[in-house]
Amino acid sequence: QLQLVESGGGLVQPGGSLRLSCAGSTFTLDYYAIGWFRQAPGKEREGVLCISKRGGSTNYAASVKGRFTISRDKAKNTVYLQMNSLKAEDTAVYYCAAEPYYSDSDWCYEDAPERYDYWGQGTQVTVSS
């Protein structure tokens, strides 16, 4: 069974930084676009950002542009979400997800969770003083 494992969540003060990791524990991520989503209590799931399978394309939600970045380390089979200048409204459970791309297309969709076949268990990020 394909598994994604997130890590790196925690409690951070406003203005602080965190780096989340998403590792493919049972499969290579090379053929997958990876998206990060988040869900705050009482709110709908929100697409945050994504990276294409070759890393040539990244797309960001307006709410995180300029603060969050995404990258992939092929050797470690891991995708990272670097979050800077964190705000209280960034508090949520963060999920990574994988969308298979077996064609030559190198794209991703940060706001289309229905495209993603595999999901991690989520990691809590709390931004509070």
Side-chain angles (χ1 to χ4, degrees):
Q1 185 177 356
L2 305 183
Q3 288 186 334
L4 295 169
V5 180
E6 300 109 332
S7 61
L11 173 64
V12 63
Q13 292 187 341
S17 298
L18 277 178
R19 189 177 78 160
L20 306 184
S21 300
C22 173
S25 66
T26 59
F27 65 106
T28 176
L29 299 182
D30 290 356
Y31 300 106
Y32 296 83
I34 303 297
W36 282 96
F37 298 82
R38 66 186 181 186
Q39 188 164 22
K43 293 188 177 181
E44 293 188 357
R45 182 172 49 189
E46 172 190 18
V48 179
L49 71 176
C50 66
I51 187 167
S52 60
K53 66 176 182 180
R54 292 195 292 272
S57 297
T58 55
N59 290 298
Y60 298 79
S63 58
V64 304
K65 217 164 192 177
R67 301 188 298 122
F68 291 12
T69 57
I70 189 170
S71 61
R72 33 192 334 152
D73 186 328
K74 189 173 182 177
K76 294 184 178 180
N77 202 34
T78 300
V79 171
Y80 299 102
L81 170 57
Q82 178 67 44
M83 305 185 293
N84 299 326
S85 302
L86 282 162
K87 305 175 182 179
E89 51 263 42
D90 295 317
T91 295
V93 178
Y94 284 71
Y95 301 89
C96 68
E99 177 191 1
Y101 267 88
Y102 299 115
S103 68
D104 287 338
S105 174
D106 193 38
W107 191 250
C108 68
Y109 297 86
E110 85 287 358
D111 59 352
E114 68 278 4
R115 300 181 66 95
Y116 292 81
D117 292 344
Y118 307 103
W119 292 77
Q121 80 287 354
T123 185
Q124 176 70 47
V125 171
T126 302
V127 185
S128 175
S129 55

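No hydrogens, no waters, no symmetry mates; every other heavy atom, side chains included, goes into these values. In what follows, residues are counted from 1 in the order of the sequence shown.
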- When rounded to the nearest 0.5 angstrom, what distance separates CZ in Arg67 from CG in Leu49? 11.0 Å
- Indicate the atoms forming the closest heavy-atom contact of Asp106 with Ser52, along with that distance. OD1-OG, 2.9 Å
- Task: Would you give the length of the straight line joining atom OG1 of Thr78 to atom CG of Leu20, rounded to the nearest 0.5 angstrom?
- Result: 12.5 Å
- Message: So which atom in Leu2 and which in Thr26 form the shortest heavy-atom distance, rounded to 0.1 Å?
- Response: CA-OG1, 3.3 Å
- Path from Val64 to Leu18 over hydrophobic side-chain contacts below 4.5 Å: yes
- Of Tyr116, Tyr32, Tyr118, the residue whose pairing with Glu99 passes side chain to side chain contact (heavy atoms under 4.5 Å, CB included): Tyr116
- Task: Would you give the length of the straight line joining atom CD1 of Ile51 to atom SG of Cys96, rounded to the nearest 0.5 angstrom?
- Result: 12.5 Å
- Approximate separation, where rounding is to 0.5 Å, of Ser7 OG and Arg19 CZ: 9.0 Å
- Query: Shortest non-hydrogen contact from Leu29 to Phe27?
  - Reply: CD2-CE1, 3.5 Å
- Note on the structure: Rounding to 0.5 Å, atoms SG (Cys108) and CZ (Arg54) come to a distance of 12.5 Å
- Query: Nearest heavy-atom pair of Asn84 and Ser17: which atoms, and what distance?
  - Reply: OD1-OG, 2.9 Å
- Query: CG/Leu11 to OG/Ser129 distance, rounded to the nearest 0.5 angstrom?
  - Reply: 9.5 Å
- Check Met83 against Tyr94 and note the closest heavy-atom contact, atom names and distance. SD-CE2, 3.9 Å
- Query: Using links of under 4.5 Å between side-chain heavy atoms of ILVMFWY residues, direct or through other members, which residues join Tyr101 in one cluster?
  - Reply: Trp107, Tyr109
- Note on the structure: All heavy atoms of Thr123 vs all of Glu6, minimum pair found to be CG2-CB, 4.1 Å
- Shared hydrophobic cluster for Tyr95 and Leu86 (ILVMFWY, side-chain gaps under 4.5 Å): no
- Item | Hydrophobic cluster membership, Trp119 vs Leu4, 4.5 Å side-chain cutoff | no
- Message: Between Phe37 and Leu81, is there shared hydrophobic-cluster membership here, with clusters defined by ILVMFWY side-chain heavy atoms closer than 4.5 Å?
- Response: no
- Message: Tell me if a side-chain donor or acceptor on Asp30 pairs with a main-chain N or O of Lys74 at a distance below 3.5 Å.
- Response: no
- Evaluate the ring pair (Phe, Tyr, Trp, His ring centres under 6.0 Å) criterion for residues Phe68 and Trp36: first the C-alpha distance (whole Å), next the side-chain angles of each, then the deciding distance (0.1 Å), finally the verdict. CA-CA 11 Å; Phe68 291 12; Trp36 282 96; 9.9 Å; no
- Message: With a 4.5 Å cut-off on side-chain heavy atoms, are Thr69 and Tyr80 touching?
- Response: no
- Could you point out which residue of Arg38, Lys87, Glu89 forms a side chain to side chain contact (heavy atoms under 4.5 Å, CB included) with Ser63? Arg38
- Heavy-atom donor-acceptor pair, Asn59 side chain to Glu110 backbone, under 3.5 Å: no
